[in-house]
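Take a look at the structure below.
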Amino acid sequence: MMKFRSGILGIAVLLICSTLSGCWSSSPVEDLNLETGIAMDIATESSQEEQINQKGGDYPKKELITGTFQFIIPEESGGSNSSSPQAKKFFNITETGDSVFEMLREISLRTNRPPIGQHLKTVIISSSLLRKIPLYELLDFFLGDNDIRLSVQLLISTDKASNALQEKTPGQIPAYILKDIFQNRKRNARLIKPVALVKVVGPMKSKGSFILPNVISTENEIKVAGAGIIKGKTQTYGGFLNESEVEGLMWIKGQLVGGVLKGNDPQTGKNIAYEIKAVKSRIKAIVQGDDISFQVKMTSEGRVSEVFNKKENLRSNAVLGQEESIFQEKVNSLAEQTVAKMQKLQADVGGFGEVLRIQHPKVWRKVKEDWDTIFSTIPVRFSTDIHIEDYGSSITTAD
């Protein structure tokens, strides 16, 4: 009986110790290089790499890609200024090679802490590189590595991608800024939904065209401006939607959660600004024999937040109807401009093919193999219904 009790006590002690000892395979964060962002450009060796190679530090490679890898500086190793809000909280390492995986392992020869990708937030790929190497090849490492999470956000850059990872705001980490900027979608209609790594797997497998948000850089700032198109069949860069075309696309897809629509009154020449509160969109595929067309109906509710013509009688129903018509025409114009660009680039990034697949599956099976080309000839009609709810305090009188 005593032996039995001793055995039970021993097992209990072991279980308690196992719960108190934490993760046995963990490593202190100060001993790791935590990746936060990766930018990929066409291969161009940095001066640092050239010096290393001249001293015999190179290895066999074709040099296809230049990767810029951004790491967090741990607080304990940030020096005496690490507590300052202006202190630099990251550092970048540039490596040129043929494989993202190989480049990361090569970095292990240049730093005493191993790179780890569990905290990676942002990947930026230059449009120039995407003209040469398909997206599925560039993302193969990220989709296969156990450390990388599928929530990593993807961006494209018509500039040099590595410029977006340079310090613009002292004390902030560029990869985090790029991730968090999409929180402002409620304030701007020209910002597309963030695109996570997991969201591109389906389009890549189905060979469908899609867009990635585009980031441009100046000396002191970055801006998410427009979107780059990834062509369905080739998975390479297929062109660019500017900010107005992105705005039109968001109306077509009904993905707006806020923002401003600016109109111009042709009678007074004055601008008026409509604050978007809600947007819905419905795309209907119409099939008559061999002819396919689409009807897009968009509806929105919001308020007029800025009226430059102070003499206008905002209590008049006639004025209200006239302003609603101005905004409706503006939305239709934006949508038509966007579809014209999509058809010119032969890339359906508006989801029209998906609508046809759901509403007319037999027709879709006949056209899906060459859909981007077929879509470029298909007529699309738009109608918009704008409802202005109020003018805020603009109609408040002195009484």
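Remark: D385 does not engage K297 in a salt bridge, criterion side-chain N to carboxylate O under 4.0 Å. Salt bridge annotation for E247-R190: present, with a cationic side-chain nitrogen under 4.0 angstrom from a carboxylate oxygen. With respect to the salt-bridge test (charged N to carboxylate O, under 4.0 angstrom), the residues E102 and R105 do not qualify.
Listed here is the closest heavy atom pair of G353 and D348: N-OD2, 2.8 Å. Nearest heavy atoms, K168 versus S217: NZ-CB, 4.1 Å. Nearest approach of S244 to T338, heavy atoms of both residues: O-OG1, 4.2 Å. Shortest non-hydrogen contact noted between Q235 and G208 is NE2-O, 4.1 Å. Taking every heavy atom of both residues into account, I326 and D265 meet most closely at CD1-CA, 3.7 Å. A pairwise comparison of heavy atoms in A347 and K231 identifies CB-CD, 4.2 Å as the closest pair.
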Walk me through it: do F327 and I276 pass the test side chain to side chain contact (heavy atoms under 4.5 Å, CB included)? CA-CA 11 Å; F327 291 124; I276 301 163; over 6 Å; no
Could you check D41 against S128 for side chain to side chain contact (heavy atoms under 4.5 Å, CB included), going step by step and ending with a plain yes or no? CA-CA 7 Å; D41 288 289; S128 300; over 6 Å; no
Applying side chain to side chain contact (heavy atoms under 4.5 Å, CB included), run through I65 and L138 and close with a yes or a no. CA-CA 9 Å; I65 306 167; L138 295 171; 3.8 Å; yes
Determine whether Q255 and S281 satisfy the following criterion, side chain to side chain contact (heavy atoms under 4.5 Å, CB included), listing intermediate values before the conclusion. CA-CA 8 Å; Q255 292 183 343; S281 171; over 6 Å; no
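With a 4.5 Å cut-off on side-chain heavy atoms, S383 and Q295 count as touching. In this structure, L334 and L261 have side chains that are in contact, with non-hydrogen atoms separated by less than 4.5 Å. Counting heavy atoms from C-beta on, the side chains of M204 and L139 come closer than 4.5 Å. Contact check for I116 versus L34: side-chain heavy atoms found under the 4.5 Å cut-off. Taking the side chain as every heavy atom from C-beta outward, F71 and E35 approach each other to under 4.5 Å. Contact of the L197 side chain with the L154 side chain is registered, since non-hydrogen atoms from C-beta on lie closer than 4.5 Å. Here the side chains of L241 and V349 are in contact, with some heavy-atom distance below 4.5 Å. Counting heavy atoms from C-beta outward, Y176 and I72 have side chains that approach closer than 4.5 Å.
In this structure, the side chain of N271 does not engage the main chain of K262 through any donor-acceptor pair within 3.5 Å. Looking only at distances, no side-chain donor or acceptor of Q153 sits under 3.5 Å from a matching main-chain atom of P194. Between the side chain of D147 and the backbone N or O of Q118, no donor-acceptor pair lies under 3.5 Å. The main-chain N or O of H387 is never found under 3.5 Å from a side-chain atom of E301 such that the two would form a donor-acceptor pair. Side-chain N or O atoms of Q343 include one that pairs as donor or acceptor with a backbone N or O of F375 at under 3.5 Å. One N or O on the side chain of Q359 and one on the backbone of I283 form a donor-acceptor pair closer than 3.5 Å. Without hydrogens or angle criteria, K61 side chain to T96 main chain gives a donor-acceptor distance under 3.5 Å. With hydrogens and angles disregarded, a donor-acceptor distance shorter than 3.5 Å links the side chain of Y274 to the backbone of G302.
Side-chain polar atoms of S157 and S126 form no donor-acceptor pair below 3.5 angstrom. A donor and an acceptor atom, one from each side chain of D372 and S209, are located under 3.5 Å apart. In the model, N92 has no side-chain atom that pairs as donor or acceptor with a side-chain atom of T68 under 3.5 Å.
Under a hydrophobic clustering in which Ile, Leu, Val, Met, Phe, Trp and Tyr are joined whenever their side-chain heavy atoms come within less than 4.5 Å, directly or via other members, I211 and L191 fall into different clusters. Linking Ile, Leu, Val, Met, Phe, Trp and Tyr residues whenever their side-chain heavy atoms come within less than 4.5 Å places L143 and Y136 in a single cluster. Placement of I38 and V224 in two distinct hydrophobic clusters is found when ILVMFWY residues are connected by side-chain heavy-atom separations under 4.5 Å, directly or transitively. Under a hydrophobic-cluster definition in which Ile, Leu, Val, Met, Phe, Trp and Tyr are linked whenever side-chain heavy atoms come within less than 4.5 Å, directly or via other members, I156 and F182 are assigned to different clusters. Hydrophobic clustering (side-chain heavy atoms under 4.5 Å, transitive across Ile, Leu, Val, Met, Phe, Trp, Tyr) keeps V246 apart from I222.
Separation of atoms CZ (F240) and CD (E245) is listed at 8.0 Å; rounding is to 0.5 Å. Note that CD of E219 is 11.0 Å distant from CG of N163, once rounded to the nearest 0.5 Å. Between the CD atom in E49 and the CD atom in E106 there is a gap of 9.0 Å [rounded to 0.5 Å]. Note that CD1 of I107 is 13.0 Å distant from CZ of R113, once rounded to the nearest 0.5 Å. In this structure, E369 CD and K207 NZ are separated by 7.5 Å, a value rounded to the nearest 0.5 Å. For the atom pair NZ of K362 and CZ of R357, the computed distance is 16.0 Å after rounding to the nearest 0.5 Å.
Scored by the salt bridge (charged side-chain N to carboxylate O under 4.0 Å, His left out) test, R185 finds no partners at all (sequence neighbours excluded).
Heavy atoms from other residues, nucleotides or ligands lying under 6.0 Å from NZ of K270 number 12 at most. Atom NZ of K253 has more than 12 heavy atoms from other residues, nucleotides or ligands within 6.0 Å. R187 CZ: 12 or fewer foreign heavy atoms inside a 6.0 Å radius.
In this structure, K88 fails the cation-pi test against F91, since its NZ or CZ atom is not both closer than 6.0 Å to the six-membered ring centre and inside 45 degrees of the ring normal.
Relative orientation of the F101 and F141 rings is parallel, given thresholds of 30° and 60° on the angle between their planes.
Under the side-chain contact (heavy atoms from CB on, under 4.5 Å) test applied with L130, the options I229, L135, T236 reduce to a single match, L135.
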